[in-house]
Amino acid sequence: MSLDELYREIILDHYKNPRNRGRIENPSATAGAYNPLCGDEVDIYLTVADDRITDIRFEGRGCSISQSSASMLTEAVKNRTLAEAEALADEVRGMLLGERDPGPDLGDLEALQGVRKFPVRIKCAILSWNTLKDALASYRAGVGRGEVKVVTD
Ligand code: FES
C-alpha cells in the first residue's frame with residue numbers, strides 16, 4: 001500500500017467511525033465554525049480541569065476531510081494540557097499550510113499532510129483546528145462560548 005493510500009484509509013476510517021462525536025452538556029468552552037461556501041460546519045466542546053482537556057466532543061457535517069480532521073483532533077488533544085493542545089494546533093496548522101514538516105509523533109494526524117497536495121482542501125482540514133484555537137481562547141477569556149465563525153476562504 002502506498003503512503004497516499006494509507007493516508008486515504010486513515011481519513012476514511014475517521015470519517016466513517018468518528019471518534020468523540022457528540023456534545024458535552026455544560027462544557028467549559030465551546031466554539032464553532034461554518035463555511036457557507038460548502039455548507040460544512042463544526043462545533044467543538046471542551047471540558048477543562050486543572051489546565052487539562054479532560055473531555056472533548058465535536059459535532060458537525062460536511063466533507064470527509066473536515067469531519068475526519070475533527071475526529072483526529074479530538075483523539076489527539078484529549079488529556080493534553082491547554083498549552084500542549086495549543087502547540088499541537090499550531091503544529092498541524094503549520095504542516096497544512098506547508099510552513100513546517102510534521103513532527104515525529106503525530107500519529108493519525110500525519111495523514112492530513114496528504115491534503116497539502118490539494119490546496120482547495122486545506123481549508124477543510126484546518127476548520128476544526130481553528131475552531132479548537134477559538135475554544136481555547138474563549139476559555140482563557142472566561143467567555144465559555146465563542147461566536148460561531150463564518151469562514152469564507
Ligand atoms: Fe467544505 Fe471541506 S468542502 S470544509
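Counting convention: from 1, in listed order, for ligands and their atoms alike.
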Atom 2 (Fe) of ligand 1 reached by C38 (N, O or S, under 2.8 Å): no
L73 vs I56, side chain to side chain contact (heavy atoms under 4.5 Å, CB included): CA-CA, chis, key distance, verdict: CA-CA 9 Å; L73 175 154; I56 177 166; 3.7 Å; yes
Neighbour count above 12 (heavy atom, 6.0 Å) for N17 CG: yes
Ion pair check, R140 and E86, cut-off under 4.0 Å: yes
Presence of salt bridge, D43 and R57, under 4.0 angstrom: no
Protein heavy-atom partner closest to atom 4 (S) of ligand 1 - residue, atom, separation in Å: D40 OD2, 2.8 Å
Residue C124 vicinity, atoms of ligand 1 by number, heavy atom under 4.0 Å: 2 (Fe), 3 (S), 4 (S)
Subset of ligand 1 atoms that lie under 4.0 Å from at least one heavy atom of C63: 2 (Fe), 3 (S), 4 (S)
